Amino acid sequence: MDHRRPGRPGPAGPRRRSGSASTTDRGGDVSADEERRLARVALTWLAEPGTRAVHRLVERLGPVATLDLLLDGGSPDGWLHTTVAARSAAGDARAVAAEALDRAERLGARLVTPDDEEWPARVAGLATLHLPDVTRRVDGETAPPLCFWVRGSWPLGEALERSVAVVGARAATSYGQHVATELGYGLAERDWTVVSGGAFGIDAAAHRGALNAGGLTVSVLACGLDRPYPMGNAALFDRIADTGLLVSEWPPGAEPLRPRFLIRNRVIAGGTLGTVVVEASARSGATQTARRAIYTNRVAMVVPGPVTSAMSVGAHELLREFPAKARLVTGVAHVLEEVGRIGADLAPLARGPQRPADGLDDDARSLLEALPRRGAMGVDRLASRAGVDVRTALRKLSLLEELSMVVRRDDGYALAPPAKPKREKPATAATETDASD
């Protein structure tokens with residue numbers, strides 16, 4: 001089955017940047033466009049992605065002037081000044097950026113910036129992300145990205161246009177992996193992009209579910225595209241790159257340092273329409289992704305789990321901490337109701353199996369309940385037992401008889417015997433001959 005979005009020709013090569021000028025070799029002069037791109041890479045190397053002071057300077061001065069200002073020691077922030085000085089001591093920022101671009105080209109990856117057609121506009125909403133009670137720098141530096149490194153043929157913005165993040169515990173239970181796989185498969189089957197972080201457990205299960213459905217999945221990494229983490233998922237990452245996208249804010253060669261996973265999580269939350277937490281322990285990074293989604297005005301969804309499972313403690317706490325914003329979901333239908341089109345993607349109400357008596361009115365139901373499980377009962381006694389008058393009892397009993405729910409006997413009315421399954425008649429010689437003709 002083809003699960004491509006309507007009107008799409010399917011994956012194609014990377015789109016050319018609109019209005020980009022031709023460039024010469026990086027050893028010589030470069031165009032203004034290439035200089036801006038180089039500056040964005042250099043700024044990401046000098047300061048970690050999401051640094052608000054850098055983002056504000058780029059918004060006001062542009063990337064090239066911001067890079068010049070920081071390299072000249074003009075940082076308005078003392079911490080940023082120290083960081084830039086320390087990084088600069090390890091090499092020339094522009095030379096490092098040029099090497100990163102060359103390395104990405106050899107890898108078959110590309111750089112995507114806000115000047116490109118495929119830039120995902122939704123990540124601009126991270127400018128409003130401010131987490132309460134910030135005690136760590138990594139929780140305060142939540143500005144929009146300066147650039148992305150992308151491996152895969154789909155245009156990044158188009159891939160994230162209809163996307164849902166599915167995240168959770170690395171040490172997932174079989175229950176959690178089953179749910180994540182079903183969510184990934186069901187969302188991809190309905191032409192939604194499944195976004196996650198590529199980790200063991202819930203992330204990997206969601207990616208595989210989407211891949212098995214023939215759909216689109218995006219893995220947002222906390223390291224360079226040439227060294228995706230964890231290495232145990234290397235084959236999975238190759239599959240994702242072949243049919244979906246690998247995305248990172250860090251240049252090739254960057255290591256998967258612990259703080260970078262939290263920095264990465266803001267992109268998963270802010271770049272999608274909603275985030276589903278399948279399983280999460282009390283200190284799981286998945287709960288941090290959900291919090292970032294909530295404070296970026298995205299939809300946060302939580303799959304409930306057993307109250308005895310340590311892998312559901314964090315998920316349940318999200319429901320308690322954000323009763324008005326964290327939505328409980330149990331499957332694809334609930335997720336689509338939260339992130340889909342208003343009035344068009346409502347989940348059906350959960351109902352038990354339909355029973356023959358469900359359509360009866362109160363009087364008919366009372367008479368049916370008043371009948372003995374065995375034997376028959378006269379109309380007068382039955383009407384008294386059901387609390388209805390005899391005339392009403394006769395009328396409703398006739399209805400129940402037509403519905404084959406009761407039978408009339410000489411001594412009154414009784415419950416109809418359960419219907420026996422029909423047996424197929426053995427084929428006669430004539431019918432066997434006819435079937436073979």
Side-chain angles (χ1 to χ4, degrees), residues 1-8 10 120-126 128-129 154-168 178-197 202-203 205-220 243-245 247 265-279 286 289-304 315 318-319 322-351:
M1 182 181 293
D2 188 354
H3 299 296
R4 295 172 184 166
R5 288 175 170 79
R8 283 188 178 177
R122 192 176 291 122
V123 297
L126 291 171
T128 64
L129 173 57
W154 285 96
L156 179 58
E158 192 173 346
L160 295 180
E161 182 181 355
R162 277 168 50 91
S163 62
V164 176
V166 180
V167 298
H178 172 78
V179 173
T181 302
E182 291 291 313
L183 285 174
Y185 190 99
L187 288 167
E189 192 177 34
R190 290 162 178 78
D191 204 32
W192 284 79
T193 300
V194 177
V195 179
S196 199
I202 299 301
D203 289 16
H207 286 309
R208 290 192 177 98
L211 289 169
N212 292 340
L216 180 58
T217 187
V218 176
S219 182
V220 184
T243 60
L245 293 176
V247 179
N265 287 352
R266 85 193 195 289
V267 172
I268 294 177
T272 56
L273 285 167
T275 295
V276 184
V277 178
V278 177
E279 280 189 319
T289 305
R291 287 185 173 87
R292 282 154 174 74
I294 289 170
Y295 288 109
T296 319
N297 293 320
R298 303 288 189 266
V299 181
M301 294 158 279
V302 177
V303 176
L318 282 171
L319 292 171
F322 302 99
K325 295 183 178 180
R327 302 286 292 173
L328 187 150
V329 296
T330 61
V332 174
H334 287 169
V335 173
L336 293 182
E337 181 174 316
E338 297 300 327
V339 300
R341 296 165 296 170
I342 296 176
D345 293 305
L346 295 178
L349 294 177
R351 298 183 184 276

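Here the structure is a predicted model, which is why all the values come from computation and not from measurement.
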ask   = Do the side chains of Trp192 and Val335 get nearer than 4.5 Å, heavy atoms only?
value =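 A side-chain contact under 4.5 Å is absent here.
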query = How about Val166 and Val278: do any of their side-chain heavy atoms sit closer than 4.5 Å?
reply = yes
Any residue meeting side chain to side chain donor-acceptor pair (under 3.5 Å) with Ser196, in chain and number order, not counting sequence neighbours = Asp203
task = List in chain and number order the residues that pass side chain to side chain donor-acceptor pair (under 3.5 Å) with Arg208, two or more places apart in sequence or in another chain; answer none if no residue qualifies.
result = none
Spacing of [X] atom [atom1] and [Y] atom [atom2] [to the nearest 0.5 Å]:
X: Thr243; Y: Leu211; atom1: OG1; atom2: CG; result: 5.0 Å
X: Arg292; Y: Leu126; atom1: CZ; atom2: CG; result: 10.0 Å
X: Glu182; Y: Thr330; atom1: CD; atom2: OG1; result: 12.0 Å
X: Arg298; Y: Thr272; atom1: CZ; atom2: OG1; result: 7.5 Å

For the backbone of [Y] and the side chain of [X], can you confirm whether one donor and one acceptor N or O come within less than 3.5 Å of each other?
X: Arg122; Y: Gly270; value: no
X: Arg327; Y: Met301; value: no
X: Thr296; Y: Leu129; value: no

inquiry  = Does Val332 form a side-chain contact (heavy atoms from CB on, under 4.5 Å) with Leu183? I'd like the steps, not just the answer.
reply    = CA-CA 6 Å; Val332 174; Leu183 285 174; 4.0 Å; yes
key: Result of checking Leu245, Val267, Leu160, Asn265 against Val220 for side-chain contact (heavy atoms from CB on, under 4.5 Å)   =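 By the side-chain contact (heavy atoms from CB on, under 4.5 Å) criterion, Val220 pairs with just one of Leu245, Val267, Leu160, Asn265: Val267.
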task = Verify side-chain contact (heavy atoms from CB on, under 4.5 Å) between Leu187 and Leu336, making sure each step is shown before the conclusion.
result = CA-CA 8 Å; Leu187 288 167; Leu336 293 182; 3.8 Å; yes
So, for [X] and [Y], which heavy atoms are closest and what is the spacing to 0.1 Å?
X: Pro120; Y: Leu156; answer: CD-CD2, 3.7 Å
X: Val194; Y: Ala206; answer: CG1-O, 3.9 Å
X: Ala213; Y: Ala188; answer: CB-CB, 4.0 Å
X: Thr289; Y: Ala269; answer: O-CB, 3.4 Å
X: Ile202; Y: Glu279; answer: CD1-OE1, 4.0 Å
X: Ala286; Y: Val167; answer: CB-CG2, 4.0 Å

Evaluation steps, side-chain contact (heavy atoms from CB on, under 4.5 Å), between Val329 and Val303 = CA-CA 5 Å; Val329 296; Val303 176; 4.1 Å; yes
inquiry  = Could you work out, with side-chain contact (heavy atoms from CB on, under 4.5 Å) as the rule, every residue matching Ala290, not counting sequence neighbours?
reply    = Val277, Leu318
